[in-house]
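The structure displayed is predicted, hence computed values, not measured ones.
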Amino acid sequence: MAPHDPAPRTGPDSPGLTEFTVDLTAQEVLRRAQVMAALGPDWDPIEVLRGEEAAYDLLYSGLDAEQQRVHDRLVEAGVLAPRGDGHAAA
C-alpha cells in the first residue's frame, strides 16, 4: 500500500493553491425569509407550543403502575423533562 501524500504546502511559494472564503449570510437571510413566508401570516408560535403541551399530556396520560414507574425513572434520569408534579398525567 502506497504511503499517503503529505499535506499540500500553503503560502506564496505553493503553486496552484488559492485561499478563498464563502460568506453565506445573504443565503441564510433568504432561507429564513422563505421559511417565514411558508409558515404564512396566521402562524402562531404560542398556539403551536400549547398544542405540543397538550400532545405530551395526552401521550403520558392513563399510564398503568408499571408504565408510571418507568416514566418516573426516565424523568429522574433526565431522559424526559419533568412535567407538573413530576408524574405523568392521570
Quick one: [atom1] on [X] to [atom2] on [Y], what's the gap to the nearest 0.5 Å?
X: Leu80; Y: Tyr56; atom1: CG; atom2: OH; result: 9.0 Å
X: Glu53; Y: Leu49; atom1: CD; atom2: CG; result: 7.5 Å
X: Glu76; Y: His71; atom1: CD; atom2: NE2; result: 11.0 Å

For this session: Check whether more than 12 heavy atoms from other residues, nucleotides or ligands sit under 6.0 Å from atom CZ of Arg69, and answer yes or no.
Result: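 Atom CZ in Arg69 is crowded, with more than 12 foreign heavy atoms closer than 6.0 Å.
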
Exercise. Does a donor on one side chain sit under 3.5 Å from an acceptor on the other, for Gln68 and Asp72?
Worked result: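 Yes, Asp72 and Gln68 have a side-chain donor paired with an acceptor closer than 3.5 Å.
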
For this session: Please lay out, stage by stage, how Leu39 and Met36 fare under the test side-chain contact (heavy atoms from CB on, under 4.5 Å).
Result: CA-CA 5 Å; Leu39 290 172; Met36 294 306 293; 4.1 Å; yes

Problem set entry | Check: Gln27 side chain, Leu24 main-chain N or O, donor-acceptor pair, under 3.5 Å |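 Pair absent, no side-chain N/O of Gln27 close to backbone of Leu24.
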
